[in-house]
Amino acid sequence: MVTTLVTGAGFAGSTIARELADAGHKVQVIDRRSHIGGNAHDELDDHGVLVHCYGPHIFHTNSERVWDFLSRFTDWRPYEHRVLGVVEGQLYPFPINRDTLNQLYNLDLDEAGAAVFFEQVREPRAVVRTSEDVVLNSVGRDLYEKFFLNYTRKQWGMEPSELKAGVAARIPVRTNTDDRYFTDRFQAMPLHGYTKMFERMLDHPNITVELGVDFADVRHQEKWEHIVYTGPVDAYFDYCYGRLPYRSLRFEHEHLADTDQFQPVGTVNYPNDHAYTRITEFKHLTGQQHTGTSIVREYPQADGDPYYPVPSDASEALYKRYAALADAEKGVTFVGRLAQYRYYNMDQVVAAALTAAKRLLG
Ligand code: FAD
Ligand code: UDP
């Protein structure tokens, strides 16, 4: 007899399903998509290159608990992500570091010099409330306009001044020459890909997985003792307070035959040119050897699958009303990026799901 229904086979759903199953509970996992892994799903494209169907997913965490949990289901390939930003046709290290300054302004700053530079150009803000505040407060207007303003407009369809500080605060500013996108303690890619890792996570005698099944079609069945829901929280409540904004993307995948390498690093950002924000070349991430290469361009859009909660005052106020309903909903646990309406990275979702499982198991 199935006792727990888990809606969503992404990081949130798969983590909680595995934890409950390990503790002896029977779990039924459903997903309306035809595959597991949620937005982290990867697969071989028509040319045999491993690609991330929903945009580039780079794993990084400082949490030993999360690292240990996932390491039960995969070996890892060490990988440190690097990104370049295109400004006026030139490629610069991004996040902004000392090399970015030296190359952009034709300077020869050392670390202390870079700190002085930022001190001279920054526009101090007494209160840092928005993403505009974050960037102006740390690097000033010229770098803001070159690297952040237009990227953010494209990505969110909003002004940086309308977005909470946390969005731009994801990006550090450095006086050294560290050009890694992340500095977390653990940085690696699942050796055989995310989908293989999810297959192993869900491979348990207490777990059954049904794909192509929508929550709406099973929610009223009375055989569940508990429900874990990882889809959009507003959808669960039939949008009773109106729709929460989620930003979407269109992914344009392309394979380039007989091309060993398309670009020098995993991702190149295009803050000011094109309708897309960035291009990612998967072979950098996966280390795969292939005579061709596969890339993806990300085109932000308002409609489509929900990918990003939108961190603004208005959306967070609306989310709070849904969160109150979620708290009061008996027998249902809401967890994950869409269900908790948080701009979570993968490791944060795993951590939230591990915590939720622990609470459920008492
Ligand atoms: P999801 O992966 O969205 O899974 C939810 C699942 O629920 C989906 O499969 C969905 O089909 C299913 N579902 C929803 N509603 C229903 C329903 N009614 N019935 C049945 N099933 C339903 N994080 C990083 O750490 N590093 C990165 O580099 C990174 N890059 C990213 C790039 C992009 C373009 C995006 C969009 C996200 C990125 N993330 C990254 C974030 C990462 O994707 C998420 O943190 C993580 O995948 C969220 O897991 P989840 O289980 O909460 O949600
Ligand atoms: N950002 C920017 N320019 C860039 C990269 C990022 O302005 O070249 C801003 C933008 O607002 C973006 C946010 O920083 O949404 C967070 O960037 P990140 O790369 O973490 O976004 P994600 O990978 O989650 O899409």
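Note that these values count all heavy atoms, side chains included, but never hydrogens, waters or copies made by symmetry. We count ligands from 1, going down the list as the structure has it; atoms in each ligand are counted the same way.
For ligand 2, one of its N or O atoms has an N or O atom of Tyr343 under 3.5 Å away. Looking at ligand 2, you'll find an N or O of Phe148 within less than 3.5 Å of one of its N or O atoms. Considering backbone and side-chain atoms alike, Ile171 places every N or O at 3.5 Å or more from each N or O of ligand 2.
Residue-level proximity to ligand 1 for Ala216 is absent, since no heavy atom of it falls below 4.0 angstrom. Here Val167 has heavy atoms under 4.0 Å from ligand 2 in both its backbone and its side chain. Using a 4.0 Å cut-off between heavy atoms, Trp156 contacts ligand 2 through its side chain alone, with no backbone atom that close.
With Asn137 contributing its side chain and Arg125 its backbone, the two residues share a donor-acceptor pair below 3.5 Å. Although no hydrogens or angles enter the test, the distance criterion places a donor-acceptor pair under 3.5 Å between the side chain of His284 and the main chain of Gln263.
Atom 12 (C) of ligand 2 has Tyr151 CE2, 3.8 Å as its closest protein atom, hydrogens excluded (heavy atom only). The protein non-hydrogen atom at the shortest distance from atom 39 (N) of ligand 1 is His57 NE2, 3.5 Å. The closest protein non-hydrogen atom to atom 19 (N) of ligand 1 is Phe215 N, 2.9 Å. Scanning the protein heavy atoms around atom 21 (N) of ligand 1, the nearest turns out to be Arg32 N, 3.1 Å. In this structure, atom 1 (P) of ligand 1 lies nearest to the protein heavy atom Asn39 N, 4.0 Å. Counting protein heavy atoms only, atom 25 (O) of ligand 2 is closest to Tyr308 OH, 2.5 Å. Protein heavy atom at the shortest distance from atom 25 (O) of ligand 1 is Met346 N, 2.8 Å. For atom 20 (O) of ligand 2, the closest heavy atom belonging to the protein is Arg170 NE, 2.8 Å. Looking from atom 9 (O) of ligand 1 to the surrounding protein, the closest heavy atom is Asp31 OD2, 2.6 Å. Shortest contact from atom 14 (C) of ligand 1 to any protein heavy atom: Gly231 CA, 3.5 Å. When hydrogens are left out, the protein atom nearest atom 27 (C) of ligand 1 is Ile58 N, 3.4 Å; that is the closest non-hydrogen contact. Atom 19 (O) of ligand 2 has Tyr181 OH, 2.6 Å as its closest protein atom, hydrogens excluded (heavy atom only).
In summary, the side chains of Thr355 and Arg65 do present a donor paired with an acceptor at a separation below 3.5 Å, with no hydrogens or angles considered. Checked by atom type, the side-chain pair Thr293/Glu281 shows a donor-acceptor distance below 3.5 Å.
For atom 53 (O) of ligand 1, the protein comes within 4.0 Å by no heavy atom at all.
Near Leu338, meaning under 4.0 Å from one of its heavy atoms, ligand 1 places the atoms 3 (O). Counting the atoms of ligand 2 from 1 in the order shown, those under 4.0 Å from a heavy atom of Gln155 are 15 (O). The Tyr54 neighbourhood of ligand 1 comprises atoms 33 (C), 34 (C), with distances under 4.0 Å to a heavy atom of that residue. Residue-ligand proximity, Asn269 to ligand 2, at heavy-atom distances under 4.0 Å covers atoms 4 (C), 5 (C), 8 (O). Against a heavy-atom cut-off of under 4.0 Å, Asp214 is close to the following atoms of ligand 1: 17 (C), 18 (N), 19 (N). Those atoms of ligand 2 that come under 4.0 Å of a heavy atom in Arg278, given as number and element, are 19 (O), 22 (P), 23 (O), 25 (O). Each of the following atoms of ligand 2 lies closer than 4.0 Å to a heavy atom of Thr152: 7 (O), 9 (C), 10 (C), 11 (O). When each atom of ligand 2 is checked for a heavy atom of Phe147 under 4.0 Å away, the hits are 2 (C), 3 (N), 4 (C), 7 (O), 8 (O).
Evaluated for a side chain to side chain donor-acceptor pair (under 3.5 Å) with Thr267, the options Arg82, Glu298, His81, Arg278 yield exactly one hit, His81.
At a 4.0 Å cut-off, not a single heavy atom of Val335 sits close enough to ligand 1 to count as contact. In this structure, Glu298 counts as a contact residue of ligand 1, since one of its heavy atoms falls inside 4.0 Å of the ligand. Heavy atoms of Tyr308 approach ligand 1 to within less than 4.0 angstrom.
Relative to the six-membered ring of Tyr343, Arg170 meets both conditions, a distance below 6.0 Å and an angle of at most 45° to the axis. The side-chain tip of Arg321 points at the ring of Tyr241 from less than 6.0 angstrom away and within 45° of straight on.
The distance between the ring centers of His52 and Tyr194 falls below 6.0 angstrom. Checked against the 6.0 Å centroid threshold, Tyr229 and Phe237 do not count as a close aromatic pair.
Aromatic ring pairs are classed by plane angle as parallel below 30°, tilted from 30° to 60° and perpendicular above 60°; the pair Phe147 and Phe94 is parallel. Using a 30° and 60° split on the angle between ring planes, His35 and His41 fall in the parallel class, below 30°.
Scanning Thr230, Val213, Leu249 for the heavy atom closest to atom 5 (C) of ligand 1 points to Thr230.
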